[in-house]
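Have a look at the structure below, then the notes.
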Protein chains: 2
Amino acid sequence: MKTGPRRSVNPEAMLDAALDLLDTGGLTMRALASRLGLTPGALYTYFPDRAAIVSALADRLLGQADLTLLQNGPGTPDERIIAFSLNLREVLMRHPAAMPAILGAAFTGPVALRVGESLYEALPDPRAAYTVMVYVLGAIALEAAEAGSTPEPEAERIAARRAAFTVDPEAFPHTHAAADTIAAYISTEQFRWGLERVLSAL
Amino acid sequence: MKTGPRRSVNPEAMLDAALDLLDTGGLTMRALASRLGLTPGALYTYFPDRAAIVSALADRLLGQADLTLLQNGPGTPDERIIAFSLNLREVLMRHPAAMPAILGAAFTGPVALRVGESLYEALPDPRAAYTVMVYVLGAIALEAAEAGSTPEPEAERIAARRAAFTVDPEAFPHTHAAADTIAAYISTEQFRWGLERVLSAL
DNA sequence: ACCTGAACACCGTTCAAGT
DNA sequence: ACCTGAACACCGTTCAAGT
């Protein structure tokens, strides 16, 4: 029983299909093969194993962020770092399930190298640059970890967090008092606020 | 064929065995059952599914950090946050494979709530507190993502990173020039440096 | 309540054989 | 080089049945 279309099986098309399956939480070699009209074993002609597919996917996703925002954009280096980081967050949050792979392949991939070099141009102290990477990737990883594979709008995710968040006011007074702010931890506003603070210290 | 010891099957003992298996990269329901002298199906008496075991493990691991460093330690609030963060990093880096679960269950678990409340006591602005969480957990997640499940000493990991790191000096001049510092991104020194900078801005 | 035995519905990967 | 068919060695989870 062949279920998928047969045309144009190449690494690019494979990654398109793989990303689609990853987003729906069902990236298996068997499902991917079926999408491409292939048998599972045929995939090993293109990639050595499943992990290689996920790594390639991670680097490709990184490449979807608009690097010109960091390189040629208007404004100060800090402003360009903020603009690129906001764009990167937007791109990566469209595929939360890929975030673990992004953390894993963070610096090895070819695209990651180009992003890194551009960041060092904007922020020459490499220790400072890494601090920014940690903040940006850390914030996105925390958001992605609780987002479903289907990314709801930010406002709805915050409302859901607020509704689900209840703590004993006696035992956790500070936490209880901060509930609204805590629900908004995943907001663009919080992301930008923290990033600006971090950059101001570097 | 029974392979494991039979005595004392309770949730605590299960989590001990589960952590051990997670560290060696082989946490499966079948392996866990065998360790406990049980059949796979018997595990579902204690936990509803595999994910519940991993979540419980994550919260338990968080509890191994010494919260008194944050609550009652000497020094300024910032110094206590640094001391606790260094301790947390040490604890979590003993079990890198658990880091994804830590990110996922970051705020829901009972231990996580206590840690959060203590952090808010030291750093009352919740937006500032979250920025610290993002930095600390982000840095540990990036380190854990590339560490093997068996945690080598830090010095060896840095040396291995330095040896493996080669880039085209023409195409990536800044990256090439920063190679030594980049190799040391996973160092305690870099972790502390970044954290101090972040705290100084909050 | 706790556990077994057995099954169900899957996985990733390999490999001889074909084209 | 690319692909099939078939197998190997696994998975998590369910469930009737026993104690």
Side-chain angles (χ1 to χ4, degrees), chain A residues 1-60 95 97-98 100-101 104-105 145 148-149, chain B residues 1-60 95 97-98 100-101 104-105 145 148-149:
Chain A
M1 233 181 263
K2 307 296 164 41
T3 54
R6 167 80 54 155
R7 59 196 166 183
S8 75
V9 177
N10 55 58
E12 295 251 339
M14 276 190 54
L15 291 180
D16 283 337
L19 182 57
D20 211 55
L21 289 168
L22 190 69
D23 287 342
T24 59
L27 174 55
T28 69
M29 300 303 270
R30 291 172 136 89
L32 180 55
S34 156
R35 278 278 185 107
L36 301 165
L38 294 175
T39 268
L43 300 176
Y44 294 83
T45 307
Y46 302 92
F47 291 92
D49 52 29
R50 201 195 107 108
I53 296 178
V54 177
S55 286
L57 220 47
D59 203 58
R60 196 189 207 216
H95 310 279
S149 35
Chain B
M1 230 183 265
K2 307 293 160 44
T3 55
R6 168 80 54 155
R7 60 194 166 184
S8 76
V9 176
N10 54 58
E12 295 251 340
M14 278 190 52
L15 291 180
D16 283 337
L19 182 57
D20 210 55
L21 289 169
L22 190 68
D23 286 343
T24 60
L27 174 55
T28 69
M29 300 302 271
R30 291 172 136 91
L32 180 55
S34 157
R35 278 276 186 107
L36 302 166
L38 294 176
T39 267
L43 300 177
Y44 294 82
T45 306
Y46 301 93
F47 290 93
D49 52 28
R50 201 195 107 108
I53 296 178
V54 176
S55 285
L57 220 47
D59 203 58
R60 194 188 209 219
H95 311 280
S149 35

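Lettering follows sequence order; numbering is per chain, from 1.
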- Task: Output yes when at least one side-chain N/O atom of A:Thr39 is less than 4.0 Å from OP1 or OP2 of D:dT4, else no.
- Result: yes
- To the nearest Å, give me how far apart CG (A:Leu38) and C1' (D:dA1) are. 13 Å
- Item | Criterion side-chain contact (heavy atoms from CB on, under 4.5 Å) against A:Met14, the qualifying member of A:Leu38, A:Leu57, A:Leu32, A:Leu19 | A:Leu32
- Message: Counting runs of three or more consecutive pairs, Watson-Crick or G-U wobble, with each distance below 3.5 Å, where are the stems of DNA chain D?
- Response: C:4-8 with D:12-16, C:12-16 with D:4-8
- Item | DNA chain C: 5'-proximal contact among A:Ala42 and A:Met29 (nearest heavy atom) | A:Met29
- Query: Mapping B:Ala31 and B:Gly41 to their closest nucleotides on DNA chain D, which lands nearer the 5' end?
  - Reply: B:Ala31
- Message: Just the rounded figure in Å: distance from C1' of D:dG12 to CG of B:Leu32.
- Response: 12 Å
- Nucleotide of C:dC3, D:dT13, D:dA7 approaching B:Asp49 most closely (side-chain heavy atoms): D:dT13
- When the distance from CG of B:Leu27 to P of D:dC10 is rounded to whole Å, what number comes out? 16 Å
- Task: Kindly say if A:Tyr46 contacts the phosphate of D:dC3, meaning a side-chain N or O under 4.0 Å from OP1 or OP2.
- Result: yes
- Could you state the atom-to-atom distance from CZ of A:Phe47 to P of C:dT14 in whole Å? 16 Å
- Starting at CD1 of A:Ile53 and ending at P of C:dT13, how long is that distance when rounded to a whole Å? 8 Å
- Looking only at side-chain N and O atoms, does B:Thr28 come under 4.0 Å of OP1 or OP2 in D:dC11? yes
- Query: What integer distance in Å separates A:Leu43:CG from C:dC15:C1'?
  - Reply: 15 Å
- Query: Does the pair A:Leu15 and A:Phe47 meet the rule for a side chain to side chain contact (heavy atoms under 4.5 Å, CB included), with working shown?
  - Reply: CA-CA 11 Å; A:Leu15 291 180; A:Phe47 291 92; 4.1 Å; yes
- Provide the distance between the two C1' atoms, one in C:dC8 and one in D:dC11, to the nearest whole Å. 12 Å
- C1' spacing across the pair C:dC2 / D:dA17, given as an integer number of angstrom: 13 Å
- Note on the structure: Result for 5'-nearest mapping on DNA chain D, choosing between A:Arg30 and A:Thr45, is A:Thr45
- Message: Could you tell me how far apart A:Arg50 (CZ) and C:dC11 (C1') are, to the nearest whole angstrom?
- Response: 10 Å
- Message: Under 4.0 Å, heavy atoms only, any strand: does B:Tyr44 hit a base, just the sugar-phosphate, or nothing?
- Response: base
- Message: Donor-acceptor pair, distance only, cut-off 3.5 Å: does the side chain of B:Thr28 make one with the backbone of B:Ala31?
- Response: yes
- Note on the structure: Of all heavy-atom pairs linking A:Ala58 and A:Ala105, the shortest is CB-CB, 4.5 Å
- Heavy-atom closest pair (B:Pro40 atom, B:Arg30 atom, distance to 0.1 Å) is CG-CG, 3.9 Å
- Message: For A:Ala51, is there any backbone N or O sitting under 3.5 Å from a side-chain donor or acceptor partner on A:Ser55?
- Response: yes
- Scanning both residues in full, the closest heavy-atom pair of B:Ala13 with B:Leu36 reads O-CD2, 4.2 Å
